[in-house]
Chemist: 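Below are the structure tokens for one structure; questions will follow.
Order of the sequence lines sets the chain letters (A, B, ...), proteins ahead of strands, with each chain counted from 1.
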2 protein chains.
Amino acid sequence: MKTKILLKESEMPTHWYNVVADMPNPPTPPLGPDGQPVGPDALAAIFPEEIIKQEVSSDRWIKIPEEVREVLRLWRPSPLFRAHRLEKMLNTPAKIFYKNESVSPAGSHKPNTAVAQAYYNKQAGIKKLTTETGAGQWGCSLALAGQMFGLEVEVFMVKVSYGQKPYRRTMMRTWGANVHASPTNLTESGRSILAKDPNSEGSLGVAISEAVEIAANRPDTNYALGSVLNHVLLHQTIIGEEAKKQMSMVGEYPDMVFAPCGGGSNFGGIAFPFFADKAAGKQVELIAVEPTSCPTLTKGTYAYDFGDAIGLTPLMKMYTLGHDFMPPGIHAGGLRYHGDSALISQLYNEGLLGAVAVPQTETFESGVLFAKSEGIVPAPESTHAIAAVIREAKRCAETGEAKTLLFNLSGHGHFDMTSYDRFFAGELEDYEYPDEAIKESLKHLPQVG
Amino acid sequence: MKTKILLKESEMPTHWYNVVADMPNPPTPPLGPDGQPVGPDALAAIFPEEIIKQEVSSDRWIKIPEEVREVLRLWRPSPLFRAHRLEKMLNTPAKIFYKNESVSPAGSHKPNTAVAQAYYNKQAGIKKLTTETGAGQWGCSLALAGQMFGLEVEVFMVKVSYGQKPYRRTMMRTWGANVHASPTNLTESGRSILAKDPNSEGSLGVAISEAVEIAANRPDTNYALGSVLNHVLLHQTIIGEEAKKQMSMVGEYPDMVFAPCGGGSNFGGIAFPFFADKAAGKQVELIAVEPTSCPTLTKGTYAYDFGDAIGLTPLMKMYTLGHDFMPPGIHAGGLRYHGDSALISQLYNEGLLGAVAVPQTETFESGVLFAKSEGIVPAPESTHAIAAVIREAKRCAETGEAKTLLFNLSGHGHFDMTSYDRFFAGELEDYEYPDEAIKESLKHLPQVG
């Protein structure tokens with residue numbers, strides 16, 4: 001019984017897949033405060049030209065530079081696994097496959113785009129990249145990527161995480177990055193927050209503002225974002241492309257593809273290459289899995305909103321809970337985002353993608369079941385996909401359907417063991433965000449134009 | 001430039017290699033307190049028959065049961081990497097290869113034997129395995145393996161680690177193991193220590209005594225050891241066998257093979273299959289790398305000594321610093337062992353293996369250099385091999401020799417980031433154990449007979 005399906009290095013994809021080419025409608029443009037579409041020029045202060053081109057491209061295939069492929073080869077192609085033991089434990093006729101993105105040195109899928117972004121910035125003569133990080137997955141990924149191309153990396157880490165999650169902070173330093181607890185005194189944004197509350201524990205929104213501010217003001221410095229934007233999702237499509245090849249190597253094609261969905265790069269990365277087939281008439285369900293505590297797709301509204309909490313970014317048309325929505329402190333930090341990728345939002349709005357929300361304790365129960373059967377201890381984000389897959393596999397056990405299910409195991413949980421500890425201690429809560437509260441935060445949606 | 005050399009699942013070794021078949025002299029027998037060789041029967045209280053057979057076997061090849069191979073397939077064959085980026089950073093003509101054993105769910109090479117031991121115990125009708133663990137690598141490995149075969153696992157974790165390193169403790173629980181802070185009140189051994197010192201922080205020796213005591217007194221319970229013994233090294237030879245195949249796939253053969261050496265399973269695992277070639281006349285240097293703070297091979301004496309600190313085990317002829325030698329609290333917990341495998345000791349005594357000791361700060365410097373070039377943050381144990389390889393690669397840079405170097409990257413450092421933190425803070429010390437102190441602890445060697 002084959003367990004791992006491996007691609008050779010020579011079989012690693014040579015191009016990223018751009019879903020825009022197969023969307024039934026053109027993507028909605030980002031808008032400025034005046035309600036007018038934001039041109040590529042407006043992004044030039046913080047992104048290099050090649051990235052901006054990718055952000056607005058409608059070409060179906062975009063070549064992966066050989067220098068990027070060379071770094072990706074440190075862990076790619078990543079293995080695809082058949083979860084024989086999980087299937088057996090669930091006594092299901094369903095076939096379960098997972099793409100293992102936890103094998104990157106940073107432990108998640110995030111370096112796929114970090115490496116590409118570092119490369120294009122290096123090519124553009126940029127010396128330093130700034131970014132924000134919550135628990136540290138994205139900060140680690142950019143630190144790793146910057147190191148590989150000889151770029152300085154400056155990370156604004158949300159202060160509460162900086163104190164509580166020192167391990168990823170140390171990992172970033174091991175890769176040579178400079179890490180600050182945000183809010184800092186280094187930026188206007190940071191100082192304005194500290195003036196109001198000197199003990200502020202920070203937030204992802206504030207950290208983004210700090211990182212963008214520095215990049216915008218220094219010609220040799222750019223900013224890198226780990227999710228949401230089109231080019232980020234583009235770089236992640238290598239996951240789904242590889243997965244398609246690997247499934248076909250064992251003569252399989254998924255009936256359903258699942259991935260956790262926060263900003264969307266995890267889900268877009270595995271799902272978009274299958275969307276290409278769906279657009280061509282193939283039957284395949286693509287399911288974004290989100291926490292019930294931050295139910296952007298399942299309970300949000302499709303509207304123009306800011307990407308950050310403060311209102312510095314252009315407006316993007318997306319499913320949103322309101323940019324000042326503050327999700328509860330669940331342990332899947334990567335899924336605590338008020339909005340979602342514009343591309344995913346548009347396709348979801350058109351009924352071409354599915355979404356489901358799962359509560360926190362169910363995700364940890366699923367993660368433990370996965371660890372007990374398949375060995376790997378998954379990241380709290382990844383357990384969301386696992387939970388949805390287990391629901392479906394159990395349904396198959398009842399109906400007798402032998403569906404083929406694929407999910408993205410986006411990361412390992414080695415830096416999340418305190419969360420598992422709290423789960424075992426019965427301390428985790430299931431937040432069901434009240435509809436009233438969502439209605440309230442949606443009242444603060446910006447007026448367009 | 002090929003980076004990863006992968007074997008197919010079908011190319012995973014079908015047999016373990018037993019170095020005893022190629023040793024110039026038969027292994028020295030373990031002795032009882034009376035100075036007489038200990039027969040297999042004496043081990044039957046804590047080990048299943050198949051393990052005991054392997055412990056005393058001189059067959060060159062021992063079949064890996066299909067049930068064991070099926071579990072190993074969750075991460076094996078493990079990848080072999082060419083360290084192109086490290087070579088470039090060192091500007092060396094040497095070719096550097098590493099076997100990546102950090103890809104197992106427990107994060108090190110240890111599950112290779114844990115899985116085999118769990119299987120043989122399950123076959124023998126055993127319901128529960130006991131063991132000890134320091135930082136938790138071995139405990140995690142046995143927890144994982146026990147879970148895979150439906151065995152209960154009870155781990156005695158050294159109390160100081162239990163408090164300071166909660167993450168591996170939680171990982172063991174995720175895989176269903178029962179973890180105690182040792183010394184406990186559950187055993188005579190534990191109670192005797194607590195009677196003398198109620199605040200005892202424990203030691204590996206005490207934890208071994210507790211685990212062995214429970215296994216010896218319960219018919220349905222056995223004990224599992226993670227290193228030192230012949231069968232443990234046997235199970236690890238799958239590492240070197242795979243590495244040989246992978247090197248030959250790219251037309252290479254190592255001039256030198258390096259691995260960290262504590263109890264010896266890491267080093268024996270990668271080195272023994274190459275020893276087979278050496279015994280047949282091939283030129284290859286096999287180098288055990290140990291800490292200067294616990295210099296068993298480089299400064300110890302070749303004599304009969306106890307395997308544990310208290311004196312419960314049979315006497316084994318090995319390089320030892322004295323069974324009551326207490327190595328300083330360095331961060332490579334897996335290398336803090338007073339003795340060494342009897343097989344490795346004998347071959348080293350006969351001049352067939354090499355050894356080198358490296359100081360702690362050099363190992364962390366090497367680990368950071370490795371992370372910056374190859375991405376992976378290595379375990380403190382593994383950084384010892386890296387340090388020795390970097391020394392040799394730098395020597396090659398001076399002499400112009402294009403040697404081929406291979407080492408075992410035995411584990412990742414995801415649970416050792418506090419150690420890296422202390423390194424960055426300049427808080428790590430280099431312990432050079434004084435010759436006088438070693439002489440002193442060697443005075444306590446047991447009288448044989």
Chemist: Which region of Leu7(B), side chain (C-beta onward) or backbone (N, CA, C, O), has a non-hydrogen atom less than 4.5 Å from a non-hydrogen atom of chain A, or is it both or neither?
Modeler: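 Backbone only.
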Chemist: Could you report the tightest heavy-atom contact between Thr170(B) and Tyr420(A), atom names first, then the distance?
Modeler: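 The pair with the smallest heavy-atom distance is CG2-CB, 3.8 Å.
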Chemist: Using non-hydrogen atoms only, which part of Arg168(B) is less than 4.5 Å away from chain A: side chain, backbone, both, or neither?
Modeler: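 Neither part; nothing is under 4.5 Å.
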Chemist: Is Lys2(A) atom NZ crowded by more than 12 heavy atoms from other residues, nucleotides or ligands, each under 6.0 Å away?
Modeler: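 Yes - once you tally the heavy atoms of other residues, nucleotides and ligands closer than 6.0 Å, there are more than 12.
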Chemist: Examine whether an atom of Ser373(A) lies under 4.5 Å from a heavy atom of chain B, and if so say whether it belongs to the side chain, the backbone or both; otherwise answer neither.
Modeler: backbone
Chemist: Using a cut-off of under 4.5 Å on heavy-atom pairs, state which of Val368(B), Thr174(B), Ile376(B) scores highest against chain A.
Modeler: Thr174(B)
Chemist: Got a second to check how far Met417(A)'s CE is from Arg173(B)'s CZ, nearest 0.5 Å?
Modeler: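 Reported value, rounded in 0.5 Å steps: 11.0 Å.
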Chemist: Pick whichever of Glu374(A), Arg169(A), Lys8(A), Arg85(A) has the most heavy-atom pairs under 4.5 Å with chain B.
Modeler: Arg85(A)
Chemist: If you count heavy-atom pairs under 4.5 Å between each of Gly375(B), Ala371(B), Gly367(B) and chain A, which one has the most?
Modeler: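 Answer, by heavy-atom pair count under 4.5 Å with chain A: Gly375(B).
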Chemist: Can you say whether His84(B) sits under 4.5 Å from chain A via the side chain, the backbone, both, or neither, judging by heavy atoms?
Modeler: neither
Chemist: Report which part of Phe415(B) has an atom under 4.5 Å of a heavy atom belonging to chain A: side chain, backbone, both, or neither.
Modeler: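 Interface part for Phe415(B): side chain.
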Chemist: I'd like to check Asp421(A) versus Tyr167(B) (side-chain heavy atoms, cut-off strictly below 4.5 Å). Are they in contact?
Modeler: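 Side-chain contact under 4.5 Å: no.
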Chemist: Applying a heavy-atom distance below 4.5 Å, give me the residues of residues 68-83 of chain A that approach chain B, sorted by number.
Modeler: Glu70(A), Val71(A), Arg73(A), Leu74(A), Trp75(A), Arg76(A), Pro77(A), Phe81(A)
Chemist: Name the option with the most non-hydrogen atom pairs under 4.5 Å to chain A; the candidates are Met171(B), His412(B), Met148(B).
Modeler: Met148(B)
